[in-house]
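Below you'll find the structure, written out as structure tokens, and then a few comments.
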2 protein chains.
Amino acid sequence: MSHRLPPLNGLRAFEAAGRHLSFKAAATELSVTPGAVSQQVKHLEQALGVPLFQRLHRSLILTAQGEALLPEVADAFERLSKASDTVAKALKTKPLRLGISPTLSDEPDRLLARLAGSKRPPDYVRTVATDDLADLLAGRLDALLRPGPGPYPGLHAEVLTLAPGFGVHEKASLVVWPGLARCREFILTRSLLVKD
Amino acid sequence: MSHRLPPLNGLRAFEAAGRHLSFKAAATELSVTPGAVSQQVKHLEQALGVPLFQRLHRSLILTAQGEALLPEVADAFERLSKASDTVAKALKTKPLRLGISPTLSDEPDRLLARLAGSKRPPDYVRTVATDDLADLLAGRLDALLRPGPGPYPGLHAEVLTLAPGFGVHEKASLVVWPGLARCREFILTRSLLVKD
DNA sequence: TAGGCTTACGGTTGCCGTAACCATC
DNA sequence: GATGGTTACGGCAACCGTAAGCCTA
């Protein structure tokens, strides 16, 4: 299944240009200059060996080939966009899965509530009683609270000092995937994502 | 509809790597080095803010997010590939649509047969009695034979000298989209595409 | 004359190969 | 030691912006 794919950026430019029937409008959408779009589309046409637009005076018309290609390309990009958004924004839209080591507490929700300084745990957090780093590594958890300081190579960990009365452990590590900075604030406020 | 798309090359690398569950195999398929694939995937993971693979010793496992993303991405690229192939190879797989000016002959097939030097016209050519350059420009024709020398700005034209008996015109132009060199040979042999 | 497409040119970015390193088997 | 993934570094191609030109309404 060796996908022979044409230039992806060219397809992207073609899709926008075809939707707008304007290189200028496509350029605005893509945050580039019309010249860039023109070059990308020309490049794509050369790669395919097929003209996609008929250049009229200050407007564009799709050729028969362009007309055939556009809906497919648009649909494919739509799919990529949707899927990526869903995956990327899962942290923001779905309940945050927080593993809490049974060693720390046999009542994870109460522990979380105390960490948050409130009587009820945040409603966007779903606690799971687990100690298993593999759950985090496999993506089944978004964060994991474990006793001790770590280290956790390849991950991002933040050491919390637990107030007295949390059990025998004074220190605990809040472990998340790298790319999530200041994870404690994130867990407790669902903000401060490191990206954007 | 401002598609917020992640890095397309990263998605491409991810798709191949996810299918093979191996950066090395993906690299082979993509004709690059494993290092390149590693970088592309890492780049994508950073852009999405989400881990897609769990790196084990000498193998890979998809994370939950990767598992969710892979089929969508694979399907999208499959679609792009299919659509592009269909459009790009139309010239090679579908009958070649050759317009012949009624001025030259009211029996286009006979004229084509004489041009080809045979009794029957090539079976892969479908002649259309038309004079309209717009048919070519809009992609409804692959080539157009018209009397006179042109010029045809923005197109590729080849002047043919017609043998006596073709009518009142001595010279005719075989007009095609640029990117098709030596169009006469192409029409008569269905080969010599300029690309690859 | 204005507006949109094209083209030439140059700078920057991003992609990729090389090579060295690491961690297992 | 072999294998597969990662990283640092450097070269090169691709991409893009600028500016000038072209063409027609």
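By convention in this document, chain letters (A, B, ...) are assigned in the order of the sequence lines, proteins followed by strands, and residues within each chain are numbered from 1.
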Could you please name the option among [options] that lies closest to any side-chain atom of [X]?
{"X": "B:R55", "options": "D:dT6, C:dG17, D:dG17", "value": "D:dT6"}
{"X": "A:P34", "options": "C:dT6, D:dC16, C:dT18", "value": "C:dT6"}
{"X": "A:S38", "options": "D:dG5, C:dT7, C:dT18", "value": "C:dT7"}

Does [X] have any side-chain hydrogen bond (donor to acceptor under 3.5 Å, both in side chains) partners at least two apart in sequence or in another chain, and if so, which?
{"X": "A:R12", "result": "none"}
{"X": "A:K82", "result": "A:E78"}
{"X": "B:S38", "result": "none"}

Find the distance [X]:[atom1] to [N]:[atom2] and express it as a whole number of Å.
{"X": "A:L60", "N": "C:dG4", "atom1": "CG", "atom2": "P", "result": "11 Å"}
{"X": "A:L56", "N": "C:dT6", "atom1": "CG", "atom2": "P", "result": "11 Å"}
{"X": "A:I61", "N": "C:dC5", "atom1": "CD1", "atom2": "P", "result": "13 Å"}
{"X": "A:K24", "N": "D:dG17", "atom1": "NZ", "atom2": "P", "result": "13 Å"}
{"X": "A:H20", "N": "C:dC5", "atom1": "NE2", "atom2": "C1'", "result": "16 Å"}
{"X": "A:L21", "N": "C:dC5", "atom1": "CG", "atom2": "C1'", "result": "14 Å"}
{"X": "B:F53", "N": "D:dG5", "atom1": "CZ", "atom2": "P", "result": "10 Å"}

Check whether A:T130 reaches the backbone of A:D132 with its side chain - one donor and one acceptor, N or O, closer than 3.5 Å.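 Yes; at least one donor-acceptor contact below 3.5 Å.
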Does anything in residues 54-71 of chain B pair up under salt bridge (charged side-chain N to carboxylate O under 4.0 Å, His left out), and if so which pairs, sequence neighbours excluded?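 Salt bridge (charged side-chain N to carboxylate O under 4.0 Å, His left out) check on residues 54-71 of chain B returns B:E45-B:R55.
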Under 3.5 Å, which protein N or O atoms sit close to an N or O of nucleotides 21-25 of chain D? Give each pair with its distance.
from, atom 1, to, atom 2, distance (Å)
D:dT24, O4', A:H57, ND1, 3.2
D:dT24, O2, A:H57, NE2, 2.8

Is there a side-chain contact between B:I61 and B:L21 (heavy atoms, below 4.5 Å)?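 In short, these two side chains do not touch, never coming nearer than 4.5 Å.
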So do the side chains of B:F14 and B:L62 get within less than 4.5 Å of each other, counting heavy atoms only?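 Yes - at least one pair of side-chain heavy atoms lies under 4.5 Å apart.
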Who are the salt bridge (Lys or Arg N to Asp or Glu O under 4.0 Å) partners of A:D131, not counting sequence neighbours?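 Expected list: A:R146.
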Residues which pass side chain to side chain contact (heavy atoms under 4.5 Å, CB included) with [X], listed by chain and number, not counting sequence neighbours:
{"X": "B:A27", "result": "B:V32, B:P34, B:V37"}
{"X": "B:Q39", "result": "none"}
{"X": "B:P6", "result": "A:S84, B:L11, B:L44, B:L48"}

Report for the helix from C:dG4-D:dC22 to C:dC25-D:dG1: angle between first-end and last-end helix axes, five pairs each, rounded to 10 degrees.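 Here the helix ends are tilted 30° relative to one another.
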Let me spell it out: for each of A:V32 and B:K42, pick the nucleotide of DNA chain D with the closest heavy atom. Which residue's pick is nearer the 5' end?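 Its nearest nucleotide lies further toward 5', so the answer is B:K42.
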Distances under 3.5 Å between nitrogen or oxygen atoms of protein and nucleotides 10-15 of chain C:
from, atom 1, to, atom 2, distance (Å)
C:dC15, O5', B:Q40, NE2, 3.3

Can you list every ring pair (Phe, Tyr, Trp, His ring centres under 6.0 Å) pair that touches residues 21-41 of chain A, not counting sequence neighbours?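 Matches after skipping sequence neighbours: A:F23-A:F53.
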Scan A:S22 against the nucleic acid and name what it touches under 4.0 Å (heavy atoms): base, sugar-phosphate only, or nothing.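 Sugar-phosphate contact only - A:S22 comes under 4.0 Å of backbone atoms but never of a base.
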